[in-house]
Every structure is written in structure tokens, then in C-alpha cells.
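Reviewing the structure listed below.
This chain uses plain numbering: 1 for the first residue, then up along the sequence. Just so you know, ligand 1 is whichever comes first in the structure, and atom 1 is the first atom listed for that ligand.
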Amino acid sequence: MTHIYNFSAGPAVLPKEVLTQAAAEMLDWHGSGMSVMEMSHRGPEFMSIYKAAERDLRELLAVPDNYKILFMQGGGLSQNALIPLNLLGHKPAGATIDFIHTGSWSAKSIKEAGKYANVNIAASSTTAVPPQAGWRLTPAADAAYLHMCTNETIDGVEFQPDFDDARLAQRVLVADMSSHILSRVIDVSRYGVIFAGAQKNIGPAGVTIVIIRDDLLGKALPACPSAFDFKLVADNESMYNTPPTYGIYIAGLVFQWLKRQGGVAEMERRAKAKADLLYAALDADDFYQNRVAPQNRSRMNVPFYLKDESGNDAFLAGAKARGLLQLKGHKSVGGMRASIYNAMPIEGVQALVDYLNEFAGR
Ligand SMILES: Cc1ncc(COP(=O)(O)O)c(C=O)c1O
């Protein structure tokens, strides 16, 4: 097999060690005679896999005891409906959800939430996180929660964890961290709900992680489907219905890999080194462009454009010939995008940088 680097935005590259271990355990997990895919989700074998995954994720993100971790199905998009369905039950009809709009994924969240509540776009930009002082928030008493996508996978805009907490007191923060969870140290206690689809930094598509503060459970609207009621899911250790067992197993292997690498702090150090290397090559002259304000450039998803966009196809063909795959930008914004998640080694970013320099004739 030729050596490649996979820059896909998701489903995305996974650590080689994890895939190798999964392959070795495919037919017979730890002498059980069964593949993980064949195990009852309530049996002792799978329960041990599940509990280890939950424990390791809690340790990696330092999730406080008063938060539950749910392993759900449905992907990131379904949370745009499930969060209002789960949080609005105790709010008067006409409650307002505040949003910070920073790109395509928060735009989708806004549209979906509008089916369930009033929506207030407190601030909007797709090239920077609008400064917090200018956010036009609903008065706290009328606000259900404040939703943000802390890393916009398509637009490449990432929040810095520099909130003015005094202004956010009394507010429930909901964060879509699908594309940067586990890549930087976060203070979970600042958030009411964190959610993430797995298929970028966690494992295969099909698992969705929800981290929710205890006091927000039990507030679902009557119409909330039981299998997606966070309290029922939490009370049943994510087994109210059959969870995505194989995906949880792979996620658990990724969590063990992360711990062996040195945990989230080490991932943050590596993410910064990789992103610095790549942005420096893009900024070296005006041959390439990244349009995001420097302080909010994503360390995970790096969109870029050729100054002369007629060279796009030649750029992508040359990249492919060098084993640099899936660099085409999202169809809604065009150009190119390099996703450099935790499992992307710095050698992959260096190979891309070498090619960027070669293509630019430097
Ligand atoms: C930030 C973000 N939120 C939500 C989604 C949607 O996830 P899913 O396709 O799992 O519904 C994505 C997918 O790329 C994403 O990047």
C-alpha cells in the first residue's frame, strides 16, 4: 500500500495503532471468542469496554463528577434538535435561545432550533469570533441557553477559551465541539452541555458524545423521543436502547491511545505546532490565502485558497500524486481545506508544507 496522509474533515484519519489493534481483535476480543460487534451490549464483556471508555474520556477531559457522559447515536446535527427538546421543558413557551453565529455549522443549529423556540443571533461573523463585549444577549431571565460552535469545521474559525465569565453567569452554555474536542484543554465546568460527533477526533461515525451537567437532566419537552431523552439515556448508562457498540469500542481504543501519548495537554501542544507550521507556509507570500482572523484560526481545520483559483484542479491532482488526500474544500466555500486532527502526525503536515512550497515555486 502506498503511504498516504488523509486530510479529510471527517470521517477522518484514526491512529494507526488503534486500527492495528482493532484488526488484531476483530475475530476474537480478549479470548472471548467473539468480535466486539457480536457482543450483547449488556453482557460483561461489552460493559467492561463501555465503562473503560467512559472512565478514560472523563479522565482525559477532567469531566467533573456532576456531569454525565452519554454515548448516543444520531450525529452532531441531531443534537441541534435534541438539545432544545431536552432543555426547554421547564421554560415558558416563547423562551429564546441565543446563538453566536460563526459559520456553517452554527447556521444549521440556528435553523433547527427555530423549530422549537425563538432564536436570537447575538453576534455573527464567519471570519472571526465576534468579541464578547459586543454580543447582544437576551436578558438572562428570558434566555434558555447560549449555543456556540467552538470550532467551525468548514469555515475554520475556532473559539479561544477566553470568555468573560462574569457576563455569562446565570447562562447555560451549549457547545458543539465536534471538530476540536480532545485537541485542547477545556474547563468543562463552564458549559451546561458539550456535544461532539465522533468521526473527527474520537472514532467512527455513528457515536455522538454528550456531556451534560446533572441539573439540566429531566427538563425534556413531552414530545422528546424517549430514546433521545438525556435523562433516560443517563439513567440507563447509554443503554436505554442499543448503543453504537463497535463505535464505542473504537472510541475507547482512541482514548487509551490519547492517554499513552500524554493526554489532551500533549494533543494541544502538537496541534499548535502543526497549525503553526501550516499557517506559516500559507502566509509566506500571497500565493495562498486563509481568510480567518489570526486569533481565531482553527488548529484543526485549515481552509485555504489559491490566489489564482484556476490552479485548484492542478493543485489537488499534484497533492494526490504525492499521497496527500482529501484536500478539496467544502463545496459551499470552495478552495482547499486541510484537516489536521489529533491522529495526523506532524510528518503529514510537513509533507503538505513541502508540497505547498513546491507548488508555489518557492
Ligand atoms: C462542527 C460540526 N457540527 C456538526 C456536524 C454534523 O455532524 P453529523 O454529520 O455527525 O450530524 C459536523 C460535521 O462535520 C461538524 O463539523
Side-chain angles (χ1 to χ4, degrees), residues 6-14 70-86 97 99-115 124-129 145-161 173-184 186 191 193-211 225 227-228 238 243-244 246-248 250-251 254 271 292 296-303 326-333 335-344:
N6 175 4
F7 294 93
S8 168
V13 58
L14 286 169
L70 315 179
F71 290 81
M72 300 185 67
Q73 316 211 33
L77 277 190
S78 66
Q79 291 301 323
N80 292 333
L82 297 179
I83 289 173
L85 280 166
N86 272 282
I97 306 173
F99 279 88
I100 310 300
H101 167 240
T102 45
S104 312
W105 292 109
S106 46
K108 283 210 163 77
S109 303
I110 290 165
K111 191 161 176 230
E112 188 74 14
K115 296 180 183 173
S124 176
S125 164
T126 56
T127 53
V129 176
Y145 58 87
L146 168 60
H147 181 127
M148 53 188 74
C149 174
T150 46
N151 187 63
E152 287 279 2
T153 321
I154 293 174
D155 308 82
V157 175
E158 184 168 13
F159 279 62
Q160 298 299 333
L173 262 55
V174 171
D176 177 356
M177 297 196 182
S178 293
S179 51
H180 73 161
I181 193 164
L182 293 163
S183 73
R184 63 189 309 154
I186 53 163
Y191 300 89
V193 183
I194 293 169
F195 69 94
Q199 66 270 25
K200 297 150 198 310
N201 257 341
I202 294 178
V207 181
T208 315
I209 302 290
V210 176
I211 302 173
F228 293 112
S238 302
Y246 197 76
I248 292 172
I250 299 286
V254 171
V292 178
N296 295 125
R297 285 172 157 187
S298 171
R299 292 178 189 163
M300 293 286 109
N301 307 99
V302 182
Q326 311 218 52
L327 283 165
K328 193 171 175 156
H330 192 271
K331 59 183 182 313
S332 62
V333 293
M336 260 60 75
R337 172 174 54 171
S339 295
I340 49 175
Y341 296 120
N342 285 342
M344 172 61 66

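Where the criterion is an N or O separation shorter than 3.5 Å, residue side chain and backbone included, Ser78 fails it with respect to ligand 1. Between Asn151 and ligand 1, a contact under 3.5 Å exists for no N or O pair. For ligand 1, none of its N or O atoms has an N or O atom of Gly74 under 3.5 Å away. Of the N or O atoms in Cys149, none lie within a sub-3.5 Å distance of an N or O in ligand 1. The shortest N or O to N or O distance between Ser179 and ligand 1 is not under 3.5 Å.
The shortest distance between side-chain heavy atoms of Gln79 and Val210 falls below 4.5 Å. Counting only heavy atoms from C-beta outward, the side chains of Val254 and Ile202 never approach each other to under 4.5 Å.
For Met177, the closest heavy-atom approach to ligand 1 does not fall below 4.0 Å. Distances shorter than 4.0 angstrom occur between a heavy atom of Gln199 and an atom of ligand 1.
Atoms of ligand 1 found under 4.0 Å from any heavy atom of Gly75, numbered from 1 in the order shown, are 10 (O), 11 (O). The atoms of ligand 1 that sit less than 4.0 Å from any heavy atom of Gly76 are 7 (O), 8 (P), 10 (O), 11 (O).
Closest protein heavy atom to atom 16 (O) of ligand 1: Thr153 OG1, 2.4 Å. Distance from atom 14 (O) of ligand 1 to its nearest protein heavy atom, with residue and atom name: Lys200 NZ, 2.7 Å. Atom 3 (N) of ligand 1 has Asp176 OD2, 2.6 Å as its closest protein atom, hydrogens excluded (heavy atom only).
In Lys108, neither the side chain nor the backbone holds a heavy atom less than 4.0 Å from any atom of ligand 1. With a heavy-atom cut-off of 4.0 Å, Leu77 touches ligand 1 through backbone and side chain alike.
In the model, Asn342 has no side-chain atom that pairs as donor or acceptor with a side-chain atom of Ser183 under 3.5 Å. Judged by distance alone, the side chains of Ser104 and Asp155 do bring a donor and an acceptor atom under 3.5 Å apart.
Contact record, Phe228 with Asn86: O-ND2, 2.9 Å, taken as the closest heavy-atom pair. Across Asn201 and Ile181, no two heavy atoms sit closer than the pair ND2-O, 3.1 Å. In terms of heavy-atom proximity, Met300 sits nearest to Ser179 at CG-O, 3.3 Å.
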Carefully, step by step, assess Phe159 and Thr102 under the rule side-chain contact (heavy atoms from CB on, under 4.5 Å). CA-CA 9 Å; Phe159 279 62; Thr102 45; 4.0 Å; yes
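Not counting sequence neighbours, the partners of Ala343 by the side-chain contact (heavy atoms from CB on, under 4.5 Å) test are Val13, Pro15.
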